Amino acid sequence: MSVKLSVLIENRTLSPQLQCENGFSAFVEAGGHRILFDTGDSGAFLQNARAMGVDLSQTEAVVLSHAHFDHSRGFLAWREDCPAPEAPLYIHRYFFTPKYWDQEVSYYYVGNAFGQEWINEKKVPCAMVSREIHPLFEDAPIYLLSGFERVCPFEQPDPTALMMLGGEYRTDDFREEMALAIDDGEGLVVLSGCSHCGPVNICESARRRLGKPVRAFVGGTHLVACDEERARQTVEWFAASGIPFVGVCHCTGEEGLARFAAGCPQSRALASGSVLEL
């Protein structure tokens with residue numbers, strides 16, 4: 001099975017004709033199916049898709065990887081100018097958990113711009129994912145993965161990322177985070193939005209659960225919020241992992257991208273307009 005992935009919006013751009021923002025959105029074509037994965041912050045991914053010749057009217061599923069605004073707020077624009085209104089939205093059952101960032105002097109809200117009431121009001125077809133392995137389609141090995149096992153010793157939770165649970169601010173465990181895994185017959189193509197649970201944990205969970213090696217990892221690695229030691233260990237792990245292709249972007253950050261470029265020869269920095277044939 002061939003896999004085509006088009007980056008619709010990202011922090012950087014390959015062309016002045018394409019917009020960029022602190023956000024992420026990608027269009028995935030695999031096994032005869034088409035998936036919109038994340039929607040960025042502003043809705044600019046819609047204009048970029050048109051400029052790139054990506055036909056979003058063919059979208060069969062919309063997946064929001066986690067509950068941060070830079071991946072989900074663009075969904076408001078999607079519904080206002082929706083080229084595929086029947087495409088169901090896939091979110092995790094914990095998606096509406098309020099999210100905050102600890103700025104030391106205050107807590108800054110970084111969660112969704114919409115809630116369950118808006119979903120109901122707009123009559124958005126919506127599927128709440130609760131299984132750790134959720135097949136998206138009956139006729140293709142394409143899965144949503146969640147509940148990632150934290151097996152990597154250097155991928156610890158970020159104490160500045162908070163969630164509101166039971167009326168209390170707690171360190172966010174990102175229980176709602178999902179990744180897309182595609183079994184192309186030779187191995188797994190894994191797409192992640194931010195990898196708050198850790199890109200190593202996500203890759204290892206995919207490998208163990210689906211019984212195939214990861215042959216491509218694409219997405220954010222959240223090194224922008226990590227210390228130098230964790231960033232170094234992450235790049236070294238991917239360099240030695242045997243994963244043939246590593247496409248990094250978004251919350252990897254400029255320093256993280258430079259680290260991958262210097263230390264992981266099979267990596268490539270992505271931007272708005274990047275198209276991968278995997």
Side-chain angles (χ1 to χ4, degrees), residues 9-12 19-25 38-45 63-80 89 91-122 128 146-148 150 152 154-179 192-199 201-202 219-234 248-259:
I9 200 81
E10 202 268 334
N11 298 44
R12 307 177 309 147
Q19 300 181 60
C20 60
E21 67 184 19
N22 177 37
F24 182 73
S25 177
D38 284 346
T39 57
D41 179 11
S42 68
F45 77 95
V63 175
L64 296 181
S65 64
H66 65 291
H68 277 170
F69 70 90
D70 53 331
H71 295 257
S72 66
R73 190 152 57 190
F75 188 73
L76 297 173
W78 168 264
R79 290 303 301 180
E80 286 297 319
L89 169 66
I91 52 178
H92 195 271
R93 64 184 177 127
Y94 293 121
F95 182 78
F96 293 113
T97 303
K99 303 282 186 167
Y100 296 85
W101 175 39
D102 186 352
Q103 295 182 300
E104 295 186 358
V105 296
S106 65
Y107 293 158
Y108 179 69
Y109 182 72
V110 293
N112 299 302
F114 58 90
Q116 183 69 61
E117 289 184 1
W118 183 86
I119 291 286
N120 296 338
E121 177 188 335
K122 297 297 183 180
M128 291 282 194
S146 60
F148 305 103
R150 291 185 178 268
C152 179
F154 59 80
E155 290 187 337
Q156 297 301 313
D158 178 2
T160 68
L162 305 175
M163 62 180 175
M164 177 67 75
L165 199 63
E168 297 181 357
Y169 293 103
R170 302 185 184 184
T171 299
D172 199 341
D173 58 12
F174 288 95
R175 59 188 62 188
E176 89 288 0
E177 186 168 41
M178 301 192 295
S192 178
C194 262
S195 303
H196 286 284
C197 293
N201 287 328
I202 289 172
T221 61
H222 216 63
L223 295 190
V224 71
C226 297
D227 59 29
E228 186 173 328
E229 180 62 14
R230 175 168 168 176
R232 179 188 64 79
Q233 290 176 301
T234 300
V248 289
C249 60
H250 183 43
C251 55
T252 301
E254 291 299 329
E255 290 186 10
L257 293 176
R259 282 185 175 273

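Any value given below was found using the heavy atoms of this structure, including those in side chains, with hydrogens, waters and symmetry copies removed. For clarity, every value in this text was computed on a predicted model and none was experimentally measured.
- The side-chain heavy atoms of Leu64 and Thr39, taken from C-beta on, include a pair separated by under 4.5 Å.
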Given the rule in the side chain to side chain contact (heavy atoms under 4.5 Å, CB included) test, do Leu76 and Trp78 qualify, once you have shown the distances and angles that lead to the verdict?
CA-CA 5 Å; Leu76 297 173; Trp78 168 264; over 6 Å; no

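- Shown here are the salt bridge (Lys or Arg N to Asp or Glu O under 4.0 Å) partners of Glu104, two or more places apart in sequence or in another chain: there are none.
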Can you check side chain to side chain contact (heavy atoms under 4.5 Å, CB included) on Leu162 and Trp101, steps first, answer last?
CA-CA 6 Å; Leu162 305 175; Trp101 175 39; over 6 Å; no

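- Legend: residues meeting salt bridge (Lys or Arg N to Asp or Glu O under 4.0 Å) with Glu121, ordered by chain and number and at least two apart, are absent.
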Run Glu254 and Arg259 through salt bridge (charged side-chain N to carboxylate O under 4.0 Å, His left out) and show every step you take.
CA-CA 9 Å; Glu254 291 299 329; Arg259 282 185 175 273; over 6 Å; no

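- By the side chain to side chain donor-acceptor pair (under 3.5 Å) test, Glu10 is found to be paired with no residue, residues two or more places apart in sequence or in another chain being considered.
- Inter-residue side-chain proximity for Arg12 and Leu257 is flagged as met; some heavy-atom pair is nearer than 4.5 Å.
- Considering only residues two or more places apart in sequence or on other chains, Phe114 meets the ring-ring contact (aromatic ring centres under 6.0 Å, His included) condition with Phe75, Trp118.
- Phe148 contributes atom CZ, which lies 12.5 Å from atom CZ of Phe174 (distance to the nearest 0.5 angstrom).
- Going from atom SG of Cys251 over to atom CG of Asn22 covers 8.5 Å, rounded to the nearest 0.5 Å.
- A distance of 10.0 Å separates NE2 of His250 from OG of Ser192, quoted to the nearest 0.5 Å.
- Side chain of Glu21 to backbone of Ser42: a donor-acceptor contact under 3.5 angstrom is found.
- Annotation: Gln103, atom CD; neighbour count of heavy atoms from other residues, nucleotides and ligands within 6.0 Å is above 12.
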Step-by-step side chain to side chain contact (heavy atoms under 4.5 Å, CB included) determination, Phe24 to Phe45:
CA-CA 9 Å; Phe24 182 73; Phe45 77 95; over 6 Å; no

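- At least one donor-acceptor pair under 3.5 Å links the side chain of Glu176 to the backbone N or O of Ala67.
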Passes side chain to side chain contact (heavy atoms under 4.5 Å, CB included), Met163 versus Arg175? Steps please.
CA-CA 10 Å; Met163 62 180 175; Arg175 59 188 62 188; 3.6 Å; yes

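- The side chain to side chain contact (heavy atoms under 4.5 Å, CB included) check on Thr171 picks up Pro157, with sequence neighbours excluded.
- Taking the side chain to side chain contact (heavy atoms under 4.5 Å, CB included) definition, one finds that Ser146 meets it with His92, Met178, sequence neighbours left out.
- Remark: Ile91 CD1 to Ser65 OG distance equals 12.0 Å, nearest 0.5 Å.
- Counted by atom type alone, Ser72 and Asn112 present one or more donor-acceptor pairs between their side chains at under 3.5 Å.
- For the pair Leu89 and Ile119, the minimum side-chain heavy-atom distance is below 4.5 Å.
- Expressed to the nearest 0.5 Å, how far CZ of Phe154 lies from CG of Asn201 amounts to 8.5 Å.
- Nearest heavy-atom pair, Leu223 versus Thr252, reported as atom, atom and distance to 0.1 Å: CB-O, 3.5 Å.
- Looking at residues two or more places apart in sequence or on another chain, you find a side chain to side chain contact (heavy atoms under 4.5 Å, CB included) between Glu229 and Asp227, Arg232, Gln233.
- A search for side chain to side chain contact (heavy atoms under 4.5 Å, CB included) contacts involving Glu255 returns nothing, not counting sequence neighbours.
- Scanning for salt bridge (Lys or Arg N to Asp or Glu O under 4.0 Å) contacts around Arg230 gives an empty result, with sequence neighbours left out.
- When all heavy atoms are compared, the tightest approach of Gly167 to Met164 is C-SD, 3.4 Å.
- With values rounded to the nearest 0.5 angstrom, Cys194 atom SG is found 7.5 Å from Glu177 atom CD.
- Residues satisfying the ring-ring contact (aromatic ring centres under 6.0 Å, His included) criterion with His66, sequence neighbours excluded, are His68, His71, His196.
- The closest side-chain heavy-atom distance from Ile9 to Ser25 is below 4.5 Å.
- Judged as a ring-ring contact (aromatic ring centres under 6.0 Å, His included), and not counting sequence neighbours, the contacts of Tyr169 are Tyr100, Tyr107.
- Considering only residues two or more places apart in sequence or on other chains, Arg73 meets the salt bridge (Lys or Arg N to Asp or Glu O under 4.0 Å) condition with Asp41.
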